[in-house]
Each structure stands twice: as C-alpha cells, then as structure tokens.
Amino acid sequence: MTEQILAALRQLGISVYQLEEDRAESLECFYIRKNLDLKRRTDVTGIRVTVYRDFEKDGKKMRGSSTVQIHPGMNAEEIWDVLAGAYRVAALVSNPWYELPAGQKEEPVRSRSGLAERSPEENMRLITEALFAPDRYGDVFLNSAEVFVRKNFRHIVNSSGVDVAYEVCDLWGEYVVQCVEPQDVESYHQFSYRDMETEALQKDVEEALEMTRARALAVSAPASGTYTLLLSGQNVKTVLDYYLGRANTSMVYQKFSDYAEGVAVQGERIEGDALTIELKAKDPYSPEGIPMQDRLLMEKGVLRTLHGGARSGWYLGIRPTGTYRSIAVPVGETPLEQLKEGPCLHVVSFSDFQMNELTGHFGGEIRLAFLYENGTVTPLTGGSVNGSLMEVQGHMTFSKERYRSADYEGPFAVRLQGVQVAGA
Amino acid sequence: MKVLESPFIAENKPLLKKLLDRLLEQYPYASVLAKDSRARRYRVSARDVMAGEDPMLVSRGFVVRVSKDGQYAEYSFNSISEEELDGICARIREIAECAARVLPDGLAANDYCPPSEEKTVFSGSTEYETDPEDLGDDAILSYLTGLKDQGLAQSEALLDCIVQCNYQKYTSLFLSRDRDLVQNVMWFNGALGMAAARGQEVKMYARSYSMLGGAELLKEMEQGVKECAAVTLELLDSQPIPPGEYECVCTPEVTGMIVHEAFGHGVEMDMFVKKRALAERYVGQYVASKLVTMHDGASSAAESATYFFDDEGTMAHDTVVIEKGVLKTGISDLQSALTLGSEPTGNGRRESWRRKAYTRMTNTWFEGGESTPEEMIASIPYGFLLENPRSGMEDPKNWGIQCMVNIAREIRDGRLTGRIFSPIVLTGYVPDLLKSISMMSKKVSLGGGGYCGKGHKEWVKVSDGGPYIKAKIRLG
C-alpha cells in the first residue's frame, strides 16, 4: 500500500510529505478476581499521511500541512481522493515555512526485548503469573486486572530522505487492589514494561497490597493547614513533568513558557536540592523520524536543552530533538526516613494527582497519607493538596532511595515545604 | 437533514453477514460490529493553524465477539475481503481457545450463558442543519480565524486566543443472529480559550460548545468571545482559596461534572460485578436530597453522546438513576447484565472497534428545580459561585469526590463581591454533597464538549449537566 500512496503523491504533484505506517497486534486479557472474564486479540494496520504545501502569503513563505489516514482496503481511487483533499486543505493552513527533518534509509531497528522472542500467549502467561503471585493473603487481594501484550512495527518515510523503521514490544496493564476489613477500600495501579520484568511487577503488587491494607485503617482527613509535604513514586515524576512540559519548544513558541537554554529555571535561589534531569529516549526515532538519544534537560537547576518537534524547533532556531516523555534524575543525599521527620504529611496515593504545566499548580484528592508528628504515624484519607511549584521549587529535597517506572528513574520521594492542604 | 450511511459499511455488509453466518455455525453466540468514523478538527491561534482529520476519531474497522464454552472472546481487525475470511475465522478460533495457554495455575475462566436477544431490525440517523463537509474547510477556518482576531482584539494583555472545533460523523452496523442494526450519527463541538500571563504563570479560561448536529453550532461561539476575554483577565487577579466547607452555587457545567464524576461512575454496573461500587448496596435508599432526579441514557437527551444503539447491539435507554433522592438503578453493558441477571441499558460502549466494551455513561444529568440562580446567590451569607470545571476523577468504591474547577467567585451577604479564587479542588463524600443540595434552578443545560475515561484510558464522548444547584462543598 505504501507504493500505491507514493505513486498517488507523485501523480498529484505532492513533493513534500511524510508517511507513518503502523502494524500492531495485541493479546489482551481481563480478569475479575482470579477468573479470566474476556480475552481479546487485535490486528490493526494503517498509514497516516501528512502532505505539505508551500505558498506565499503577505510576501512570506508559508508551509501548510494536513494529515489523513489511509485505511486498509482503500482502492487507488479512494487513496487519490483522500490525498487530493488533504492537499487542498494544506493550502489553507497558513503556518510560516519550516524544514522537515532530513535523513536516509536506515536498517530497521528490531526489538531486543525478551518479549520479541516468545509468543504473545507465553508472554501473557508469564506476566499474569507474576501479577497474581503475591495475591495470597485473603484480607487484601486483586479485585480485577487488565493485561495487554503488544507488538508494534512502525515505518516512517518522508520526502527529505527519512526512511526508518523500528519495532516495539511491550506489556502493560492495570489492577485494582481491594481490602475489606476494617473498612472496604481499594486502590488503582498501573504497570508498563518493555521486557518481561516479573520480579519488578511482583514487588509492585506486594507494595500495592500493603498500601491498600494501610488505607483500610485510615478514617479521617488531615486538618486543614500548611504542611511539609512528602510525595513519592510516580507522583515525583508528575511534579517534574512541569519542567519537561515547559521545556518543550512548542510551549516556548506559543509563548506559554519563557524557558531558554542557560536560564536558571528552578529559580535564582535554590536552598534545597538543585535539579538535574536527563531526557531518556525510549524509542529510536520520534514520530517525525528524528533519531532520539538521551540528552541533558537541566543541570543543577539550569536548563540545558529545549526539546520538541521539527516545526516549533525551526521557528525558534533550534535543532529539533523530538519530544521526550521519559526522564532520569540523580537520587538525592537524604534518606527517606530523614525526609519523614515530622511534622510531615506523606501522601502515598491520590485519586488523580495533577500538575498544570501552565500555572505550576499541582494537587489532587488524598486517598492515603501518613502524618508523621511527635513520633507517631497516623494514616489519613480525604481532603486535598493544592500547591504551587513556583513557590516551593527552591526548597525541594530528594530521597536517596530510588524508584523506577516506564517513564521515570530517580529519587523515590521529594519533600516540599509549605504546601496548602484542605482537610477536615 | 439526516446523516447518510457510510458507503463503506453498506458495501461491506454482505461480506460481514457471510462472516457472521460462518461464525454462527461454530459458536452459540456471535456478533459483528463495524464502524466507519469520519472526523475533522480545526484549530486557530495567534501562532498556529491546524486543519485535517481528527486522528483520535477517524477509524474504520470491525470487532467480532463470540461465546465458546461459556467464555467470551473478541477479535478486532481492520482488513476484510472474501479471501481473508478463512484467516479471520482462524484467528477468532485461536483467541476463543487460548485460555488454557495463557492462564497460569490457580486461575480459571468465568462461565457465561450466551445473551438472549429479541429479533430487531433498525436503521436510524440523527439530524443536522449544516453539514460541515458542505460548508467546507475554507469557510470553517475563516470563521475560526475571525473569532480568534476578535478575541485578541479584546486586550493587549491576552497572550493567545485559541479557537477550535471538531466533529464526528459515523456509521455503525451491528449484526448478530437476531439483530441487524445500523445508525448514522453526527455531533459537533467547539471551544474558545484565552490565555494571559502573570509572571511565569499562564492563566487560561476556556468555554466549550456542543450539539448533536452539524456546523450550525459555530454561530453560538461568537457570543462567548467578550466573556472569555474578560474572565481570562479576571483570573490574573485570582488568589488561592482558604480551605474549608462553604455554601456554594454550582453552574450547570459544574453540576454536570459532579453528576458525572461523583455519582455517574459509581452506578456503572460493571463495577457492581467487580464489587467495586458502593452504590450497589444503596439501591432503594436515599442517596441525595429529595430535589434530585438523575438521568443517564443515549436517548435521554440530544447531545454529543446520543445514539440509537450501543456497541453491543442494545437499544438506547433513558434510565432514571435517582428519583427524588432515591437510588433506583444503575446503568449496564450486556456482559454485566448477564452476570447480574439484570437488563442491559444500552451503555455498552467502546473507545473504538479496537477496544473492549465497558459500562459507560452517555448523557448524564439532573432534572431542574424551582429556583433561579439569582435567588440561590441571594440566599448565601458567605460562600462561592463555582464555574468552569476542568477535570474530575471517580471513586465508586468509597464515594470520594475529586473535581477541579477553574473559578470560585466570592459571595457575601447574598451578592457577588467581584473577588475570585483559582484553581479550586472540590472534595468530600458524595452522599453528603448530594444530600446537601437545597435549591435547584429551573433552567437545565447540558454540555458535551468532553470525553470520559474509565480509570485512565478508554475515552468516549459524553455529555453532562443539569441546573444551577446550591450545596455545601469542601473547597481547597
């Protein structure tokens, strides 16, 4: 079908284009308690084509674009019609001219994951075994789970010579843990791996069971007030997403962020830990075919890299890097136990912890927290956190302990001073 | 005018029937859902223009469901031809028979009876005044550009004005032994957002517009430009709210978010099957003020989540979930109804044909009351008018509330003082909030500009709303 599309583009006189072809297959299993409730398989293929059109407007060179989906089974006439329509629309999209990433034909990058060597069914059996292995207590158990084993082959071609392909094998899922005594509560968890990480999953499930058991003991909300707040696990990544989002060239181009390389984005006065963040390349290429590699985002609070796609990068005069979603952060020097020294509110679980990259506000409803105060530890639930990173970023302290997830590797916990909590 | 059937679906129907007939020879239950969705989006801002297909919504494909030995299996695919039928049937057999190969020791498979269906043949279309495809990309972009220019002209302090719209026009076909259903549906959404900076902080205010219909919605957006600019600039003077429980008046948009997030998710009956919903224990009991009557259903309102039948071939319902404060029933997909011995309510929805069906809300709303918003504000000695919902998260197990709103306007001695607070987190216990509702406005409105997730995925179009309500709410 790719050849058919390229032929149609030539016939239509479309000389600037990009094709993204995906061939994805998955095996999916849905469990209620320890019973398989539904199994699914998917085989999905498709090609997204972006056509570009150059024109002048008010004496300026413009480049419009429009993206369409070519579905399997479309005949030559349908493909022609869809591409011709997109080319007409591209003439209406008045964006300043920019350059597409250039490249050459590269060898496809095959997945080196152990997942690629086994059948989807075998991968499903192994990860399911790991998921349910810690479920052996009775008072606390896996209420339900969804497990997805996936393989995707992506091929990216553009008119500037890019011709790259790569394969991704991964498995991901979610599970709900329930504890019925002394009160009936639950907690929600996700996992995502690019290899068969059965030990990591078992450890996470063990911790989730323990955490849910603790939530069953929590009955009241913290008192309203200003707290020293301890956040941990994936919530640390959510806080740091502020810097990742603000450092995107698209945010800078739209003037929603004033980040620039060399700027002290953590503030001029850092009395806590100065942040160093590395951007981690999870895929070999960006969706535009830009080779992805690990890069330094921030060094001791100072921005070193703006990241993003071709268009906004070109407008800012920055070589495009592709957009990054994964980061690594060096661990801090303070042990977790020291960070908990009270009074301190450690929020272990939120219903949905959010960071607003435009305002720097973070917050969410507290599902489980521990209040460390006067040598006692009190489990709490309810109320909400509403903080501003801009106000607390100069006083962050990171733990010595490490945490790793699909998109984050770094300190397990961060301590923030003076955060508002609405409670009982 | 009525939305027309997709030629792709019509052309492939004989082949899909042939596939179904082959499957029914092997399985006691088999169904085929085919969906062809055309969707476009347009976005204009100070520095960007975008027009083209909406990648989240454009799709064309099929999902087959079969029942074998009491177990359900599904196969999603998007390529079909006469020559491919053998391969498709082989892959369905493979997934239907894979349980023994994927299940480790200690796990088993659930056992279901195949559903019994009444014989139903249906064909229906929603209506519209202006087909966006006839109006054309040029006219839509020109209109949005005009609104953007009007927006930016309101104040030099505005950083950006983002105007966007999108629509989905789809045909779905559902075939089983006893069902032959086809529907053609179109909805149209718009949004107007403006941004202004206060130092490093970028404050944003957005209004959304929605309807079951076509591009006739566009003309409604024009009326929002001045208000959107004014509120964005007001936000520059906003402050954090002192945490506490307050008497509040919620606009219909905020009411909608409370209806949807705080209560709607808790009555999705796949959560009853998993024993994840507290609501299951409260059927027949008071869970809200006697003023509250709550509906959900694809046929309960004409909005973005309206359809004639769901993704499992169940006809749309108008379900009264709460009647005068008493919880009457939940909403259900087909498989949950089979487990619970209840009737499915037409709420079995998929993000797309690629995904599993779950119990999902559709148009979810409270009926109105007898008051006016002015009377409600006048009745409050000190409290807040809550506006502009941003997001929410469900907690069906424990009926906790997490809703984020952009604006709380201070009310003192029955009048708005002009002070505003932002951002705001609403928390609390659902029945406490619903039982505290003491006034409701006559006027009811619904908005369908958003999507709803199940957990953190499975996005489907929904609408929600209701009247202005007065309630006690914990804010932080």
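Residue numbers start from 1 in every chain, and the chains themselves are labelled A, B, ... in the order their sequence lines are given, proteins ahead of strands. Excluded from the calculations below are hydrogen atoms, water molecules and symmetry mates; all remaining heavy atoms, backbone and side chain alike, are included.
When all heavy atoms of Pro222(A) and Gly382(A) are compared, the closest pair comes out as CD-O, 3.4 Å. Closest of all the heavy-atom pairs between Ser26(A) and Thr42(A) is OG-OG1, 2.6 Å. Residues Ile162(B) and Ser45(B) share a closest heavy-atom pair of CG1-CB, 3.8 Å. Contact detail for Ser312(A) and Thr249(A): the closest heavy-atom pair is OG-OG1, 2.8 Å.
Of the listed residues (Glu78(A), Gln354(A), Glu28(A), Gln190(A)), the one with the most heavy-atom contacts under 4.5 Å to chain B is Gln354(A). Among the candidates Glu53(B), Gln402(B), Glu201(B), the residue making the largest number of heavy-atom pairs closer than 4.5 Å to chain A is Gln402(B). Most heavy-atom pairs under 4.5 Å with chain A, from the set Val425(B), Asn398(B), Val273(B): that is Asn398(B). With chain A as partner, the option from Arg101(B), Arg276(B), Met204(B) having the largest number of non-hydrogen pairs under 4.5 angstrom is Arg276(B). Ranking Glu245(B), Arg390(B), Gln335(B) against chain A, the residue ahead of the rest is Gln335(B), based on heavy-atom pairs under 4.5 Å. Comparing Asn356(A), Thr50(A), Leu92(A), Val421(A) by heavy-atom pairs within less than 4.5 Å of chain B, the highest count is held by Leu92(A). Ranked by non-hydrogen atom pairs under 4.5 Å with chain B, the options Glu186(A), Glu174(A), Lys34(A), Gln69(A) are led by Glu186(A). Between chain B and the options Leu27(A), Asp43(A), Val68(A), Asn386(A), the largest number of non-hydrogen pairs under 4.5 Å is found for Asp43(A). Among the candidates Arg33(A), Met390(A), Glu25(A), Glu122(A), the residue making the largest number of heavy-atom pairs closer than 4.5 Å to chain B is Met390(A). Of all the listed residues (Ile424(B), Leu475(B), Ile80(B), Leu159(B)), the one sharing the greatest number of non-hydrogen pairs under 4.5 Å with chain A is Leu159(B). For the set Ala108(B), Gly476(B), Ala109(B), Gly52(B), the entry with the most heavy-atom pairs within less than 4.5 Å of chain A is Ala108(B). The most heavy-atom pairs under 4.5 Å with chain B, out of Ile32(A), Val176(A), Val44(A), come from Val44(A).
Looking at Thr427(B), the atoms closer than 4.5 Å to chain A (heavy atoms on both sides) all sit in the side chain, from C-beta outward. Heavy atoms of Tyr253(A) lying under 4.5 Å from chain B belong to its backbone as well as its side chain. At a 4.5 Å heavy-atom cutoff, Ser388(A) makes no contact with chain B through either its backbone or its side chain. Using a 4.5 Å cut-off between heavy atoms, Leu141(B) contacts chain A through its side chain alone, with no backbone atom that close. For Arg136(A), no part lies near chain B; criterion is any non-hydrogen pair under 4.5 Å. Using a 4.5 Å cut-off between heavy atoms, Thr45(A) contacts chain B through both its backbone and its side chain. Lys356(B) touches chain A through backbone and side chain together, each having a heavy atom under 4.5 Å away. For Leu107(B), the parts sitting under 4.5 Å from any heavy atom of chain A are the backbone and the side chain alike. Heavy atoms of Met74(A) lying under 4.5 Å from chain B belong exclusively to its side chain. Using a 4.5 Å cut-off between heavy atoms, Ala51(B) touches chain A through backbone and side chain atoms alike. Only the side chain of Gln420(A) comes within less than 4.5 Å of a heavy atom in chain B; its backbone stays farther off. Contact annotation for Gln183(A): neither backbone nor side-chain heavy atoms come within less than 4.5 Å of a heavy atom of chain B. With a 4.5 angstrom heavy-atom cutoff, Asp37(A) touches chain B via backbone and side-chain atoms both. Within the 4.5 angstrom heavy-atom criterion, no atom of Val44(B) approaches chain A. For Ile401(B), the part sitting under 4.5 Å from any heavy atom of chain A is the backbone (N, CA, C, O) and nothing else. Interface remark: Arg38(B) contributes no atoms to any contact with chain A (heavy atom separation under 4.5 Å). Using a 4.5 Å cut-off between heavy atoms, Arg88(A) does not touch chain B at all. Using a 4.5 Å cut-off between heavy atoms, Phe256(A) touches chain B through backbone and side chain atoms alike. Proximity to chain B (any heavy atom under 4.5 Å) is shown, for Asp352(A), by both the backbone and the side chain.
For the pairing with Glu74(B), the salt bridge (charged side-chain N to carboxylate O under 4.0 Å, His left out) check across Arg354(B), Arg91(B), Arg355(B), Arg350(B) returns one residue only, Arg350(B).
Under the 6.0 Å cut-off for aromatic ring centres, Phe421(B) and Tyr246(B) do not qualify, their centroids lying 6.0 Å or more apart. Aromatic pair Tyr242(A)/Phe362(A): ring centres not closer than 6.0 Å. If you look at Phe62(B) and Trp353(B), their ring centroids are not closer than 6.0 Å.
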Show, in sequence, the C-alpha distance, side-chain angles and deciding distance for His71(A) and Phe8(B), and conclude whether the ring pair (Phe, Tyr, Trp, His ring centres under 6.0 Å) test is met.
CA-CA 11 Å; His71(A) 304 288; Phe8(B) 171 79; 7.6 Å; no

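Looking only at atom types and distance, the side chain of Gln200(B) has no donor-acceptor partner in the side chain of Tyr259(A) under 3.5 Å away. Checking Ser59(B) against Ser37(B) by side-chain atom types alone, no donor-acceptor pair falls below 3.5 Å.
The neighbour count for Gln239(B) CD, taken as heavy atoms of other residues, nucleotides or ligands under 6.0 Å away, is above 12. By the 6.0 Å contact criterion, NZ on Lys255(A) is open, its count of non-hydrogen atoms from other residues, nucleotides or ligands being 12 or less.
Asp395(B) contributes a side-chain N or O that, together with a main-chain N or O of Gly400(B), makes up a donor-acceptor pair within less than 3.5 Å.
Under the side-chain contact (heavy atoms from CB on, under 4.5 Å) criterion, Leu152(B) pairs with Ala46(B), Lys148(B), Cys161(B), sequence neighbours left out. With sequence neighbours left out, the salt bridge (Lys or Arg N to Asp or Glu O under 4.0 Å) criterion links Asp184(A) to Arg281(B), Lys397(B). Residues passing the side-chain contact (heavy atoms from CB on, under 4.5 Å) test with Asp22(A), sequence neighbours excluded: Arg48(A), Asn152(A), Arg154(A).
Using a 4.0 Å cut-off between charged nitrogen and carboxylate oxygen, Asp54(B) and Arg40(B) do not count as a salt-bridge pair.
Geometric assessment of Arg40(A) against the ring of Tyr75(B) yields a negative cation-pi assignment under the 6.0 Å and 45° thresholds. Geometric assessment of Lys39(A) against the ring of Tyr72(B) yields a negative cation-pi assignment under the 6.0 Å and 45° thresholds.
By a heavy-atom distance cut of under 4.5 Å, Met124(A), Arg125(A), Thr128(A), Glu129(A) are the residues of residues 123-130 of chain A near chain B, going up by number.
Side-chain contact between Lys35(B) and Arg60(B): absent, with no pair of heavy atoms (C-beta onward) separated by less than 4.5 Å.
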